[in-house]
Amino acid sequence: MTRTDLPPGDVASPTSPEPARPSRRAAGLRRLRGAAGGRVRDGQRRARRGLRRFAARAVHTWRSSLQIRIGAITMIVAGTVVVIVSLVLFSQIRDQLLRVKRQAAIDQAQNGVLYAQSQVAGIATGDAASVRTALDRTVTQLLNRGGAAGDFDVAMVYRTGSRETPAESSRFILGALPADMRADVDNGGQSWKYHLMPDRDRELQPSLLIGAPVVADSPGAEQIELYYVFPLVQEEESLFLIRSTVIISGVALTLFVVGIGVMVTRLVVDPVRRAAGTAQQLAEGQLEQRMTVRGEDDLARLATSFNAMADSLQRQITQLEGLSQLQQRFTSDVSHELRTPLTTVQMAADVLHEARGDFPPHVARSAELLRAELDRFESLLTDLLEISRYDAGAAVLDSEPSDLGAIVARVAAGMYSLAERHDCELVVNRPDEDVIAEVDARRVERILRNLVGNAVEHGAGHPVEITLAANKTAAAVTVRDLGVGLSSAEAQHVFDRFWRADPSRVRTVGGSGLGLSISLEDARLHGGWLQVWGQPGAGAQFRLTLPLVAGGDLTGSPLPLRPTLLRPRPPGAPS
């Protein structure tokens with residue numbers, strides 16, 4: 001006998017593993033059901049996504065194609081008209097066909113009643129066998145007589161009291177007759193009705209029923225009823241053929257009208273598409289592109305006018321390009337030519353400025369003014385050179401990972417003395433963690449200096465708020481002031497070169513009128529945005545948005561362009 005030692009606390013039991021089996025089986029079933037439910041849900045999600053994509057493509061095609069819209073509208077209108085006309089036409093044909101059939105059947109039934117009267121005269125004097133024989137003979141003779149209404153079956157009933165003696169050319173006729181029709185005939189009236197009747201194979205067929213009483217010569221309680229059953233199989237086949245012909249003709253007519261509409265639309269839309277394509281090529285700079293002129297109609301005149309417009313635009317654009325290149329070359333040449341004399345004059349001004357203590361007061365003041373104005377002149381010249389580099393496409397982005405928070409701090413520290421002179425407070429809001437972006441730190445710092453200096457100058461002594469924020473793909477810096485603000489018209493020109501909202505106002509920062517233009521070009525060089533919001537009396541806010549990775553595409557900004565909360569102006573503050 002072999003003994004197995006178990007760890008302390010374990011108890012050996014031959015039945016201990018058994019309860020675990022149902023649990024494992026139930027867990028497996030739950031996993032299978034969960035997996036199946038997950039596959040069903042995934043399939044439903046994929047189907048919904050596919051349906052949404054199909055609907056989006058259909059809507060885009062509908063909105064972008066005039067030809068498809070006109071074709072669809074033409075199909076709907078033509079189809080509606082064809083359906084209405086077809087229904088009216090088919091209804092009239094059916095009514096006329098059934099009216100002719102019904103009139104012929106009624107005439108035949110009336111003739112049959114007259115013939116039956118002559119055949120069953122004195123039938124009441126006979127016994128039951130003779131009555132049945134007379135009825136059968138009359139039914140057979142009526143069938144042999146035929147008529148203009150086509151195929152038919154006949155049934156006769158001889159009634160005396162509650163006893164009926166029937167005679168039928170086909171079985172199951174009398175049993176299938178409508179009760180209201182038999183009641184009308186029993187009351188002595190002639191009646192007709194459309195009804196489903198069994199044929200010889202007991203299959204129900206649409207039929208025209210006509211019943212009439214046969215007046216016998218013998219007085220008494222006897223009554224004879226005559227019923228005609230005219231199957232409408234031929235009429236149904238004719239109506240089916242007519243219906244098929246009308247449907248096929250309607251579909252063909254609709255497609256024909258749609259084809260004509262699409263063809264006519266294409267004749268009009270194709271020149272428009274060619275004009276749009278040519279205009280797109282002109283917009284891309286291919287100024288030599290022209291439309292082909294065919295014929296002398298309105299479209300040919302449109303193409304001729306378009307080509308004349310393109311010729312005029314090409315001449316004007318060529319002239320403007322020449323003037324622009326001349327202006328750029330002039331600005332670049334003048335800026336470079338002024339650099340050498342400016343350096344010489346600046347060296348002489350530095351010598352005079354350092355020796356101003358030995359000069360009379362008015363001469364010393366002149367030396368200080370000369371130094372200040374030369375500094376402004378150098379700043380203007382530097383801006384002109386920078387603009388000329390952008391115009392010539394020679395600006396190069398030297399990007400590297402940089403901490404935007406540190407750049408904002410340096411700008412705020414550098415503008416502190418200017419803010420102090422304007423009795424303005426700089427408020428910096430930035431996240432605790434570092435915001436690292438691949439940027440040209442020199443250009444970003446220049447953008448922020450221009451924005452902060454502009455806000456301090458226009459802030460009328462109110463606080464200027466600098467905010468930094470970032471998300472997964474972009475970083476943004478806003479500069480908010482509570483100064484005079486900007487109107488919508490002024491906001492459209494704020495980045496124009498040499499533009500000022502108030503030309504008569506004395507500037508104390510920069511003075512070239514190119515700072516915001518250069519800032520906009522710096523932002524575009526980074527693939528970013530530089531935007532402005534303003535409202536008269538409520539200040540302005542500039543927003544710089546940059547991608548965190550050089551060359552990345554921007555889809556949004558971490559900060560709103562419009563301030564979410566407009567701070568109230570302090571009482572007594574100038575507007």
Side-chain angles (χ1 to χ4, degrees), residues 86-120 132 134-159 164-216 223-247:
S86 300
L87 290 176
V88 173
L89 182 63
F90 181 77
S91 178
Q92 292 180 350
I93 293 175
R94 181 192 60 192
D95 293 343
Q96 183 64 24
L97 185 64
L98 293 179
R99 187 182 301 112
V100 172
K101 176 76 170 183
R102 184 173 63 250
Q103 188 60 45
I106 291 174
D107 293 341
Q108 183 174 342
Q110 290 176 349
N111 294 330
V113 168
L114 295 176
Y115 180 79
Q117 286 178 350
S118 63
Q119 295 297 317
V120 298
R132 181 175 296 278
L135 292 177
D136 291 337
R137 183 181 65 252
T138 303
V139 167
T140 302
Q141 292 173 351
L142 288 174
L143 283 175
N144 294 330
R145 286 170 60 89
D151 296 336
F152 62 93
D153 286 312
V154 180
M156 294 186 68
V157 178
Y158 174 75
R159 180 186 296 119
E164 289 184 354
T165 302
E168 305 171 275
S169 62
S170 177
R171 297 178 60 189
F172 316 114
I173 293 180
L174 291 175
L177 290 175
D180 54 348
M181 185 176 186
R182 295 205 60 180
D184 292 340
V185 176
D186 184 51
N187 293 329
Q190 185 176 350
S191 178
W192 65 270
K193 190 172 186 178
Y194 295 108
H195 193 68
L196 292 176
M197 295 294 292
D199 57 7
R200 289 175 173 80
D201 298 329
R202 303 193 66 176
E203 293 183 1
L204 296 179
Q205 300 288 346
S207 305
L208 173 62
L209 308 181
I210 297 179
V214 178
V215 180
Q223 187 173 356
I224 302 174
E225 301 171 5
L226 176 62
Y227 296 96
Y228 276 82
V229 179
F230 295 92
L232 300 177
V233 177
Q234 294 181 353
E235 287 73 17
E236 189 177 32
E237 293 177 354
S238 300
L239 290 176
F240 176 78
L241 180 61
I242 295 172
R243 186 188 299 111
S244 301
T245 304
V246 169
I247 292 175

Within-4.5 Å side-chain heavy-atom neighbours: L97 and K101: no
Nearest heavy-atom neighbours spanning A212 and V185: C-CG1, 3.7 Å
Within-4.5 Å side-chain heavy-atom neighbours: M197 and L177: yes
Salt bridge (Lys or Arg N to Asp or Glu O under 4.0 Å) partners of residues 174-193, not counting sequence neighbours, each pair once: R159-D186, E164-R182, D180-K193, R182-E225
Under 3.5 Å donor-acceptor, S238 side chain and Q234 backbone: yes
Side chain S191, main chain G211, donor-acceptor under 3.5 Å: no
Side-chain heavy-atom pair P213, I224 within 4.5 angstrom cut-off: no
Flag, side chain of S118 to backbone of Y115, donor-acceptor distance under 3.5 Å: yes
Residue Q141 excluded, over 12 heavy atoms near CD under 6.0 Å: yes
Pairs touching residues 137-156 that satisfy salt bridge (Lys or Arg N to Asp or Glu O under 4.0 Å), sequence neighbours left out: D153-R200
Heavy-atom pair with the smallest gap, counting every atom of L204 and P198: CD2-N, 3.9 Å
4.5 Å side-chain heavy-atom contact, I106 and Q190: yes
Test log, rule side-chain contact (heavy atoms from CB on, under 4.5 Å), inputs T138 and V214: CA-CA 12 Å; T138 303; V214 178; over 6 Å; no
Residue pair L208 / W192, side-chain heavy-atom distance below 4.5 Å: yes
Sub-4.5 Å side-chain heavy-atom contact between L226 and L142: yes
Rounded distance (nearest 0.5 Å) linking atom CE of M181 with atom OH of Y227: 7.0 Å
Trace of the side-chain contact (heavy atoms from CB on, under 4.5 Å) decision for E237 with V233: CA-CA 6 Å; E237 293 177 354; V233 177; 3.8 Å; yes
Parallel, tilted or perpendicular: rings of F230 and Y228 (30°, 60°): parallel
Euclidean distance, I242 CD1 relative to R94 CZ, rounded to 0.5 Å: 11.0 Å
Donor-acceptor contact present, side-chain E168 to main-chain L174, <3.5 Å: yes
Student check: side-chain heavy atoms of L239 and F90 closer than 4.5 Å: yes
Minimum side-chain heavy-atom gap R132-P166 below 4.5 Å: yes
